Amino acid sequence: MRLPRIDEATLKTHHCGSLTTDQINLRVKLAGWVGRRRDHGGLIFIDLRDRSGLMQLVFDQQNGEELFALAESLRSEYVVAIEGDLVRRSDENINPSLPTGEIEVHVTKMEILNRSKTPPFYIEDDLNVDENLRLRYRYLDLRRPEMFNRLKLRHKAVKLVRDYMDSYDFLEVETPMLTRSTPEGARDFLVPSRVRPGSFYALPQSPQLFKQLLMVSGVERYFQIVRCFRDEDLRADRQPEFTQIDIETSFFGSENLFALIEGLMALLWKEIHGIELRLPFLRMPYREAMNRFGSDKPDLRFAMELVSIDHLAAKSDFKVFKSALEVGGAVKGLRVPGGGSMSRKDLDDLTLLARQLGAKGLAWTFVEDEGWRSPIAKFFSAELIADITEEMEALPGDVLLFVADRWATCCQVLGALRRHLAPQEMAKEPHFMWVVDFPLLHYDEEEQRFDSDHHPFTAPRVEDLELLESDPLAVRAQAYDLVLDGVEIGGGSTRIHDRETQGKIFKLLGLSTEESFDKFGFLLEALSYGAPPHGGLALGLDRLIALLVGDDSIRQVIPFPKTAAAACLMTGAPALVDEKQLDELKIMLTGDEGEEDEE
RNA sequence: GGAGCUGUGGUGUAGUUGGUUAACAUAUCGGCCUGUCAAGCCGAAGACCGCGGGUUCGAGUCCCGUCAGCUCCGCCA
């Protein structure tokens with residue numbers, strides 16, 4: 001069977017928005033949805049909308065009563081097919097704000113293909129309605145041009161990615177969606193097995209293990225645009241299912257990987273925004289990012305760097321500063337330019353915020369011509385005040401904020417305040433950076449054991465290998481994150497490719513030999529069959545697209561997203577299932593499920 | 001698990017220190033209207049204020065609980 005070309009299709013010869021003055025005097029067939037209707041009595045204008053744009057239809061009573069009566073019955077979102085003559089509008093009737101504003105179609109035939117209930121919200125851009133409604137009627141929301149354009153842009157970006165990766169000989173390989181649960185990382189979504197009752201598959205948090213196994217298979221260059229699942233609480237930039245651009249390479253080296261990704265970002269920004277990115281991207285060690293920006297994903301679009309004032313704070317009489325330093329902590333400050341206009345309440349709110357973030361308190365001072373105006377000023381000599389003011393490059397009219405605590409807490413709290421107090425106006429151009437030299441491990445207080453910072457397959461830096469036994473927390477990983485404007489859009493690492501080192505790491509993480517063999521035996525075994533040196537990364541496609549579009553939430557660029565409670569308001573998922581389904585799976589509910597909707 | 005914000009005709013909002021007829025815009029329906037493009041003019045219908053409880057002579061307004069959405073912390077890379 002031949003597929004119909006558009007000019008042979010029965011209902012459409014053209015798309016509404018694709019018509020131009022070049023097609024004037026053509027007889028055209030269009031089909032789409034009724035947008036706005038302007039009824040002048042004997043003359044009716046209809047904005048006909050399809051995915052390409054709008055076309056004004058004109059119905060004149062003098063050209064036949066029957067057709068005109070049909071036009072009078074049109075309502076919002078009716079689906080119609082029309083035939084008519086494309087004509088140039090007379091000069092005074094041109095609408096310059098519409099791409100098709102110079103032309104219109106004088107309709108000679110029309111068929112109403114379907115009627116519509118009055119939609120619950122307007123099908124138009126710059127919509128301001130409850131997100132609840134948009135999600136419940138997502139199919140209507142997606143009819144809005146700005147939402148369709150997001151779908152289009154996402155399609156274009158994904159196509160660019162595929163073509164780019166293909167041009168470097170990367171192979172797109174699919175990996176299972178039904179796999180096994182592994183201990184590390186996020187909470188898994190589980191899928192019960194009917195064939196083996198009591199056993200469960202897990203949906204992949206990422207194809208991490210499979211892509212490493214593909215390296216052992218000799219694929220050498222793998223990528224995949226792949227759905228991943230994590231059963232953790234949601235955020236504006238986190239959905240329970242999300243899409244990654246997953247990449248893994250053998251014999252490639254991290255330098256090449258950086259260049260590859262930088263080239264990909266440059267391509268996307270060039271093709272989508274016409275912006276030439278400056279390459280290579282800035283690289284910053286984790287420690288430096290924390291020290292200067294209080295974040296492992298710094299937003300470099302504005303300055304406001306944190307300042308370490310340990311050496312000066314030690315000279316004060318302020319007990320809070322001194323005691324923090326005595327126990328090996330730190331004192332760091334944040335200068336808020338023009339913060340002098342803040343009220344006492346503003347500062348109280350900031351203090352509260354700092355406490356919620358884990359600080360014991362927040363010290364602050366107004367910087368004035370005469371010195372500091374602050375409850376803590378009395379603990380500082382005039383000389384010391386001058387020194388700190390100078391060290392922080394503060395000017396009269398600024399406010400200085402201080403946190404004295406453990407180093408990590410100082411960084412984290414002031415980093416959050418920095419983001420909170422970010423200026424309204426910041427750099428427009430995208431600020432990409434790599435954060436490198438992450439620690440390999442951190443100590444999980446709750447579990448009382450070491451835990452991987454990235455994941456347990458990350459290779460330690462070779463020169464830090466000997467520290468693995470003596471000082472594990474000091475070991476740096478061959479791991480890196482790609483950060484754009486304060487958002488982590490990707491992360492990866494060079495992997496461990498020998499069985500001994502992998503075994504050592506498992507042991508350090510508290511996985512006994514039997515346990516690690518049970519859970520990761522297939523990987524350990526694979527590593528013992530000639531695994532090549534390999535590494536890769538994964539990019540968060542949803543976040544990437546959201547940043548390209550300029551959206552705050554990835555929900556905007558996901559066609560059918562879930563709410564903060566991980567529910568789909570359109571389908572009602574998750575929902576109760578039939579008793580029979582549970583019986584087949586040998587699953588019995590405990591009765592603690594709480595009140596649920598009738599199903 | 002925790003904190004904050006929001007919840008009033010279909011939609012978006014207003015509703016003074018609690019006081020009786022819940023206002024406006026827009027959409028909807030009807031009428032008029034031949035060049036509009038957020039069409040215009042006239043008219044009509046439409047909400048017991050998310051839900052439950054309490055305080056009070058009286059609650060959209062105060063209190064408690066609960067549900068939903070959003071944002072953040074924990075969690076998650």
Side-chain angles (χ1 to χ4, degrees), chain A residues 35-48 54-63 68 75-77 89-98 100-101 104 106 117-137 184-188 205-206 208 228-240 242 244 296-297 349 352-358 412-413 416 419-420 435 438 444 446 451-455 458 479-483 487-493 537-540 543 552-553 555 562-565 567 569 594-595 597:
Chain A
R36 289 191 180 273
R37 174 174 55 108
R38 294 174 292 280
D39 185 344
H40 288 235
L43 186 71
I44 297 174
F45 299 98
I46 298 285
D47 289 338
L48 186 69
L54 292 182
M55 175 56 62
Q56 173 161 281
L57 306 181
V58 184
F59 294 88
D60 194 323
Q61 192 162 23
Q62 292 178 343
N63 298 340
F68 194 78
R75 293 295 180 269
S76 287
E77 299 310 307
R89 300 193 194 182
S90 60
D91 289 348
E92 68 273 20
N93 289 329
I94 287 175
N95 182 352
S97 57
L98 206 65
T100 55
E104 62 191 12
H106 291 185
K117 300 209 302 193
T118 301
F121 51 81
Y122 312 113
I123 310 298
E124 61 187 25
D125 288 347
D126 301 316
L127 190 67
N128 173 31
V129 304
D130 195 46
E131 193 160 356
N132 236 316
L133 262 191
R134 293 179 53 200
L135 291 175
R136 177 162 297 129
Y137 299 96
E184 295 292 313
R187 194 177 292 116
D188 286 318
Q205 298 177 24
S206 83
Q208 181 61 37
C228 304
F229 305 86
R230 289 174 192 164
D231 188 8
E232 297 292 347
D233 287 345
L234 276 52
R235 290 285 189 283
D237 63 354
R238 261 160 43 189
Q239 284 275 303
F242 60 99
Q244 283 189 344
D296 61 356
K297 43 179 198 289
D349 289 345
L352 189 67
L353 186 61
R355 285 225 177 85
Q356 284 165 352
L357 292 165
Q412 193 194 325
V413 171
R419 249 171 295 146
H420 185 76
V435 177
F438 278 88
D444 187 328
E446 213 169 298
D451 196 13
S452 296
D453 222 61
H454 187 57
H455 57 54
T458 305
Y480 31 81
D481 277 357
L482 180 61
V483 173
V487 179
E488 181 205 323
I489 57 171
S493 62
L537 93 174
L539 300 167
R543 289 181 185 177
D552 292 330
S553 162
R555 265 176 276 118
K562 294 187 174 52
T563 68
L569 296 183
E595 298 297 310
D597 297 331

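Just so we're on the same page: letters track the sequence lines, and every chain starts at 1. Every value quoted in this text rests on a predicted model; they were computed, and no experiment measured them.
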* To do: Starting at atom CD of A:E131, determine the distance to atom C1' of B:A68, rounded to an integer number of angstrom.
  => 13 Å
* When you compare B:C42 with B:G54, how far apart are their C1' atoms, in angstrom units rounded to a whole number? -> 48 Å
* Strand partner of B:C5, provided both Watson-Crick or wobble distances fall under 3.5 Å -> B:G69
* Asked: Hey, does the side chain of A:R37 reach the backbone of A:I44 with a donor-acceptor pair shorter than 3.5 angstrom?
  -> no
* Interatomic distance where NZ belongs to A:K562 and C1' belongs to B:C70 [whole Å] -> 18 Å
* Asked: Rounded to whole angstroms, how far apart are CG on A:D481 and C1' on B:C76?
  -> 13 Å
* To do: Sort out the partner of B:G43 for me: Watson-Crick or G-U wobble, both distances under 3.5 Å, none otherwise.
  => B:C29
* Asked: Does the side chain of A:R555 get closer than 4.0 angstrom to OP1 or OP2 of B:G69 through an N or O atom?
  -> no
* Hey, does the side chain of A:R89 reach the backbone of A:I94 with a donor-acceptor pair shorter than 3.5 angstrom? -> no
* Under 3.5 Å donor-acceptor, A:R543 side chain and A:I489 backbone -> no
* CG of A:D39 versus P of B:C29: gap in Å, rounded? -> 12 Å
* Asked: Checking all strands, does A:N95 fall into the base, sugar-phosphate, or nothing category for heavy-atom contacts under 4.0 angstrom?
  -> base
* Nearest-Å distance for atom pair NE2/C1', residues A:H420 and B:A3 -> 14 Å
* Asked: Which whole number of Å gives the distance between the P atom of B:A45 and that of B:C70?
  -> 38 Å
* Do any side-chain nitrogens or oxygens of A:R355 fall under 4.0 Å of OP1 or OP2 in B:A3? -> no
* To do: Could you say whether the aromatic ring of A:H40 and the base of B:A39 stack, counting only centre distances under 5.5 Å and plane angles under 30°?
  => yes
* Asked: Think A:R38 has a side-chain N or O under 4.0 angstrom from the OP1 or OP2 of B:U36?
  -> no
* **Polar side-chain atom of A:D481 near backbone of A:V483 as donor-acceptor pair, under 3.5 Å** => no
* **A:L54 CG - B:A39 P separation (whole Å)** => 11 Å
* **Value in whole Å for how far the P atom of B:A38 lies from CZ of A:R36** => 8 Å
* In whole Å, what separates the P atom of B:G52 from that of B:C67? -> 15 Å
* Asked: Can you tell me how far P in B:A38 sits from the matching atom in B:G30, rounded to whole Å?
  -> 24 Å
* Between B:A77 atom C1' and A:F242 atom CZ, what is the distance in whole Å? -> 8 Å
* Asked: Do any side-chain nitrogens or oxygens of A:Q356 fall under 4.0 Å of OP1 or OP2 in B:G2?
  -> no
* On a whole-Å scale, what distance lies between the C1' atoms belonging to B:U13 and B:A47? -> 14 Å
* In terms of the nearest nucleotide of RNA chain B, which residue is placed more toward the 5' end: A:G41 or A:F121? -> A:F121
* To do: For B:U16 and B:A23, measure between their C1' atoms and round to the nearest Å.
  => 13 Å
